[in-house]
Protein chains: 2
Amino acid sequence: MGIFEELKEIVGEENFSRREEELLAYSRDSSFFQETPICVVRPRTCDEVAGIVRLASEKRVPIIPRGAGTNPCGEVVGKAIVLDLSGMNRIIEVNERDMYAVVEPGVVRDELNRALERYGLFFPPDPASSRVATIGGMLANNSSGLHAVKYGTTQDYVLALEVVLPGGEVIETGTLARKSSSGYSLCRLFVGSEGTLGVITRATLRLLPIPEHRETVAFTIDSLDELKGVQEAVMALLPAAFEFMDEICLRVLAEKKGLKVEGGSGIIAVEFDGVRGEAEACAERLRGRFGEELGAGDIWEMRKTLVPSLASYSDKSPLAVTEDIGVPVSKAPDAIRRVKEIYGEAGFEVAVYGHLGDGNLHMRVFGEPAPELEHAADEVYAYVIDAGGTISSEHGIGRLRRRYMEAQHGPALELMKRIKQALDPMGIMNPGCML
Amino acid sequence: MGIFEELKEIVGEENFSRREEELLAYSRDSSFFQETPICVVRPRTCDEVAGIVRLASEKRVPIIPRGAGTNPCGEVVGKAIVLDLSGMNRIIEVNERDMYAVVEPGVVRDELNRALERYGLFFPPDPASSRVATIGGMLANNSSGLHAVKYGTTQDYVLALEVVLPGGEVIETGTLARKSSSGYSLCRLFVGSEGTLGVITRATLRLLPIPEHRETVAFTIDSLDELKGVQEAVMALLPAAFEFMDEICLRVLAEKKGLKVEGGSGIIAVEFDGVRGEAEACAERLRGRFGEELGAGDIWEMRKTLVPSLASYSDKSPLAVTEDIGVPVSKAPDAIRRVKEIYGEAGFEVAVYGHLGDGNLHMRVFGEPAPELEHAADEVYAYVIDAGGTISSEHGIGRLRRRYMEAQHGPALELMKRIKQALDPMGIMNPGCML
């Protein structure tokens, strides 16, 4: 029996596909990578996943676990069996008293939080793609988003995982206790491993109580020189979100989204949450201190739709080149300036925005792919690594940034490869990704 | 040249020892294990550590990294080269704006915090042994302590590590950025690995601002039946510390430490920290609601010296058998009752105390080692695992709990062994510990 017949036997005819139009749909994620998969399977249970992975291992056929495909750096594109986990989307348990939820990997982030509302609980990590992003993808990536400055990243909310290893064995790791010093921290190893070490089939996520109140302050700055002062003032108040959008973003939002603003060279948006009085008091301490105050109502909505809005800024395409760098928090203002210099000198305009509260900057470069663009990107990454930062704060490595791993990690990259080899000796799990 | 001569060449004559009385001192930690090391070396630099480990690897001689030796489960006892890292105790950098410190592994936890005071910063994890415990030991163990309910554990404060691998290669892993999605989370793998995967020679630790105010409420409870209600009331107020001590502890503290109290079957001590008004308001909401209120002044001091105080409770020895279990928070009151039942039925008295805020319970059983005691311990561990908990919340596995790893981790234990094999193929790093 051929591998396709065996796969059909495992998941059922209706959950297997080699139809051309379907393979086309799975040939892309949100990056510019494109490669047609061998076939697509949609398992419904951990047993089915284990059967598929065992088969792939026996036949030495590559396999790529996939959630919603929102990743911008080519984490789930390749000539492989694509394992679409979006159908494994049950919320298995919500434990109100101990504040955790047990979920399958295909659960969509915002749907989880809607289900948690009635318990007064929430799962904090919130990527911009949260309307469609799956928990499995967020785990694979160690996603974070707007609220990481206060709440941390996905890895901080993982109590336990069920994982199908590359040979098809199923393990459970972690506990329901809040803290443990028993054995190696395997949960943390799988989180952020981009589908290269196994397939997560169930996750136990720590939850938090929904804050009583949220309060937003948004204002313009007149010049990038103000950023250091603004950052110090805001960080001292322990914000729940602290965003920056540069002059290009500001102009795009004014033109396309009707943001009412009279000039300025950037937007700052800050959120405080917690007890009502405290959040209001923190916001009050910022009001009137800086540039023109903006209506807070739509600013978060605008921030979430910023990337598509930027498409119409220029007749040149907005390219995601060095789109997710991270530096020590206090270096973020310098990094914004340096990124603009580097791309400017290479003849490109760049829109910079991102999480000023945790030093994570996103950007879009306007232009066409060219050697000068690549050189500029190399220079940005070299600057970031030299500053003690990271080539990716929350989007991951995928196929896009793989060639910078050596510069970032040095001899530690060899160790990552040894771990990969120990867990996946056949090299079937998402080959070409990250390592 | 023999291995001892080569070791002397690396660290210098004065930092090498095979003197009988010194080997005796290093033959124990704070557990009941005892085994004489082959020799002791006291390196001063990462290069020296790398040289020692390379040599041990070539000669296939076991090696055990050691801090202050405060571990209660036999993590640093064995017939091996003991690598005493307590002399590598420099605080290399404190970065006030980005709130991190770069330290060597021999820095003592309380000394670090004293040095950080002038910056208004602190490193939150605080084991009871914090006066002597080293950062290296805390990392090896994923230590936590009284404030983990609010502040989490050591792993939550590790930005970057320098590690000497078992072959003698030196890697750096992690970044200075607050969050990263670049590669596998090696920091988290080394934290809690009990010296079995390499030697940490430098750590970059995230720090927090010292809270403006701390407020304590302590009171007695009349019966263990009150615990659930107390727990719900306290947890809703987000405490910074939330401790329980049972009736035996209470009697010991009353007799030996002069605690003024009129009966009761346990003590609750709660701390709130943060903005003054908020902390005071939280404390106020607890006052007068439960049993007799205790003077807050000495309660934390008493809690920290509880273990030695228990030595004088009975003519039987206080034994650390199942001394560090963790269960989901809401199950802690049941776990206290169950532990007392299990040991009681086996004919032993047990004093139970610990972190009611994160479900981590400590205990001392009064008696002599006996088969019934081991059976009772097996039953406690089985109960803990069945409750979704952990056989060690903060003390680690060492040599003491190694035989329960299979019951706790199932097939995941095999995966841990594969990782160990990949990193330490010669098996020289702390053999006999954990795995």
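Treat the numbers as computed from the prediction; the structure is a model and nothing was measured.
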Is it the backbone or the side chain of Asp156(B) that comes under 4.5 Å from a heavy atom of chain A, or both, or neither? side chain
What part of Val329(B) gets closer than 4.5 Å to chain A, counting heavy atoms only: side chain, backbone, both or neither? both
Counting only non-hydrogen atoms closer than 4.5 Å, does Thr153(B) touch chain A with its backbone (N, CA, C, O), its side chain (CB onward), both, or neither? side chain
Go through the atoms of Ser144(B) and report whether side chain, backbone, both or neither lie under 4.5 Å from a heavy atom of chain A. side chain
Under the salt bridge (Lys or Arg N to Asp or Glu O under 4.0 Å) test, residues paired with Glu232(B) that sit two or more places apart: Arg97(A)
Quick one about Asp324(A) and Ser392(A) (side-chain donor to acceptor, distance below 3.5 Å, no hydrogens or angles considered), yes or no? yes
For Met235(B), is it the side chain, the backbone, both, or neither that has a heavy atom closer than 4.5 Å to a heavy atom of chain A? side chain
Engaged part of Glu278(B) at the chain A interface, taking heavy atoms whose separation is under 4.5 Å: side chain
Quick one: what part of Leu186(B) sits under 4.5 Å from any heavy atom of chain A, side chain, backbone, both or neither? side chain
Can you tell which part of Phe190(B) gets under 4.5 Å to a heavy atom of chain A, answering side chain, backbone, both or neither? side chain
Using non-hydrogen atoms only, which part of Leu435(B) is less than 4.5 Å away from chain A: side chain, backbone, both, or neither? side chain
Chain A heavy atoms under 4.5 Å from Leu165(B): which part of the residue, side chain, backbone, both or neither? side chain
Does any heavy atom of chain A fall under 4.5 Å from the side chain of His395(B), the backbone, both, or neither of them? backbone
Chain A contact via Val275(B) - which portion, at a heavy-atom distance below 4.5 Å: side chain
Under 4.5 Å heavy-atom distance to chain A, tell me which part of Gln231(B) shows up: side chain, backbone, both or neither. side chain
Answer with side chain, backbone, both or neither: which region of Asn141(B) has an atom nearer than 4.5 Å to a non-hydrogen atom of chain A? backbone
Side-chain atoms of residues 408-419 of chain A: list all donor-acceptor pairs with protein atoms under 3.5 Å, sequence neighbours left out, distances to 0.1 Å.
unit_1	atom_1	unit_2	atom_2	d
Gln408(A)	OE1	Ile391(A)	N	2.8
Gln408(A)	NE2	Gly389(A)	O	3.0
His409(A)	NE2	Ser182(B)	O	3.1
His409(A)	NE2	Ser182(B)	OG	2.8
Arg418(A)	NH1	Ala422(B)	O	3.2
Arg418(A)	NH2	Glu169(B)	OE2	3.2

